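Here the structure is laid out as structure tokens; the discussion comes afterwards.
These numbers come from a predicted model, not from an experiment. Atoms within a ligand are numbered from 1 in the order they appear, just like the ligands themselves.
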Amino acid sequence: MTGIVQNLQHTRERIAAACAAAGRPGQDVTLLAVSKTFGADAVREAQAAGQRAFGENYVQEALDKIAALADLRSDLEWHLIGPLQSNKTRVVAESFDWVHSVDRFKIAERLSAQRPDHLPPLQLCLQVNVSGEASKSGVAPEEVAALASQVARLPKLRLRGLMSIPEPAADFESQRAPHRVLHALLRELQQQGLALDTLSMGMSADLEAAVAEGATIVRIGTAIFGGRPRPASA
Ligand SMILES: *Cc1c(COP(=O)(O)O)cnc(C)c1O
């Protein structure tokens, strides 16, 4: 087995163990393989090992990879998890299946208007800033409800839930805290009548804490593809 195949298997085992520890069925949690900075070959290898959902941060890099993997398009699900500027919404609406990082109504509105009719609705999460001033992206927790009710009314999008990128924390309990906040926010929206089912939270270092707090999608890069050559924000 190659590194990627072995790492994928190990990651699936981590998810299964975390689900078991939380008393949750294993199929509750979808593994999103974050392939940013890695090439199409790495995606191809993971796909051959049964991986379907891939996450990308940078729009142009993702479009190149999606094109290089066009032969596998129906076996792949592409998720944008990085910041989205309004001048890139059209290509994103045309090429992706999911966007996790919407934090402004204007972006959602453009994605809805630009989603081609022949494609199914674009699946959407709102990114929430659960770490206060430490992070620049994400809607503030107290503004999520208003944004969600506006976005939920847009055609050609399906609002699925919430996403967050908390500040890194070393111990399990500190990792759980921001995930618990996101889950509580999702519950509030559900109580307001929105049919939401997705909590996109947890990365390589805090997968277990996220699953313990109800994650339904974990976004895993390093643990599958290895260390990235440069910082993700570069
Ligand atoms: C890079 C990235 C990940 C994956 O992080 P790892 O620590 O490599 O697992 C997950 N989510 C987002 C938004 C990212 O940018």
Side-chain angles (χ1 to χ4, degrees), residues 3-15 17-18 29-39 42-43 45-46 49 51-63 65-66 77-85 88 92 96-104 107 123-131 134-139 160-172 174-176 178-179 181-183 198-234:
I4 290 176
V5 176
Q6 223 158 19
N7 292 345
L8 256 181
Q9 186 169 316
H10 181 236
T11 303
R12 291 185 190 123
E13 286 164 9
R14 280 178 66 187
I15 294 171
V29 179
T30 297
L31 172 56
L32 179 62
V34 177
S35 43
K36 66 177 177 221
T37 79
F38 292 91
V43 173
E45 199 175 331
Q51 180 61 30
R52 179 176 175 84
F54 291 87
E56 290 285 337
N57 282 58
Y58 314 106
V59 173
Q60 192 52 52
E61 178 193 337
L63 293 176
K65 235 174 276 184
I66 293 170
E77 208 175 65
W78 290 105
H79 295 234
L80 182 69
I81 61 175
L84 176 53
Q85 308 301 329
K88 297 276 175 65
V92 167
F96 281 82
D97 301 296
W98 282 71
V99 178
H100 294 225
S101 43
V102 171
D103 61 3
R104 287 181 287 154
I107 296 292
Q123 309 294 304
L124 219 76
C125 289
L126 300 180
Q127 182 175 347
V128 183
N129 180 356
V130 288
S131 298
S135 166
K136 287 162 250 76
S137 26
V139 59
R160 297 291 299 268
L162 303 177
M163 177 272 217
S164 67
I165 313 173
E167 280 294 283
D171 67 283
F172 191 65
S174 337
Q175 289 176 352
R176 286 181 73 148
H179 296 320
V181 169
L182 198 71
H183 197 166
T198 300
L199 278 176
S200 167
M201 57 191 199
M203 320 203 309
S204 294
D206 63 348
L207 178 169
E208 285 80 6
V211 170
E213 294 297 344
T216 66
I217 297 181
V218 290
R219 309 179 308 264
I220 309 298
T222 310
I224 296 173
F225 296 106
R228 288 179 289 270
R230 54 190 167 82
S233 55

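- Taking only nitrogen or oxygen atoms, main chain and side chain alike, Gly221 reaches within less than 3.5 Å of ligand 1.
- With ligand atoms numbered from 1 in the order given, ligand 1 contributes 9 (O) to contacts under 4.0 Å with heavy atoms of Ile220.
- Near Lys36, with a cut-off below 4.0 Å to any heavy atom, the atoms of ligand 1 are 1 (C), 2 (C), 3 (C), 14 (C), 15 (O).
- Aromatic ring pairs are classed by plane angle as parallel below 30°, tilted from 30° to 60° and perpendicular above 60°; the pair Phe54 and Phe225 is tilted.
- With hydrogens and angles disregarded, no donor-acceptor distance shorter than 3.5 Å links the side chain of Glu61 to the backbone of Leu63.
- Scanning Met203, Gln127, Glu56, His79 for the heavy atom closest to atom 10 (C) of ligand 1 points to Met203.
- No heavy atom of His100 sits closer than 4.0 Å to any atom of ligand 1.
- Each of Arg160, Arg219, Gln127 was checked for a side-chain hydrogen bond (donor to acceptor under 3.5 Å, both in side chains) with Ser200, and the lone residue meeting it is Arg219.
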Problem set entry | From CA spacing to verdict: side chain to side chain contact (heavy atoms under 4.5 Å, CB included), Thr30, Thr216 | CA-CA 6 Å; Thr30 297; Thr216 66; over 6 Å; no
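- Ligand 1 places these atoms under 4.0 Å from at least one heavy atom of Arg219: 4 (C), 9 (O), 10 (C), 11 (N), 12 (C), 13 (C).
- By the side chain to side chain contact (heavy atoms under 4.5 Å, CB included) test, Asp103 pairs with Ser137, Val139, sequence neighbours left out.
- Near Thr222, the atoms of ligand 1 lying under 4.0 angstrom from a non-hydrogen atom of the residue are 6 (P), 7 (O), 8 (O), 9 (O).
- In this structure, of Ile165, Thr37, Asn57, Leu32, the residue bringing a heavy atom nearest to atom 15 (O) of ligand 1 is Asn57.
- The CG atom of Leu8 sits 5.0 Å away from atom CD1 of Ile224, with the distance rounded to the nearest 0.5 Å.
- Across the listed options Ser204, Pro168, Gly227, Pro83, Ser204 owns the non-hydrogen atom lying nearest to atom 7 (O) of ligand 1.
- In this structure, the separation between NZ on Lys88 and CD on Gln60 is 6.5 Å, given to the nearest 0.5 Å.
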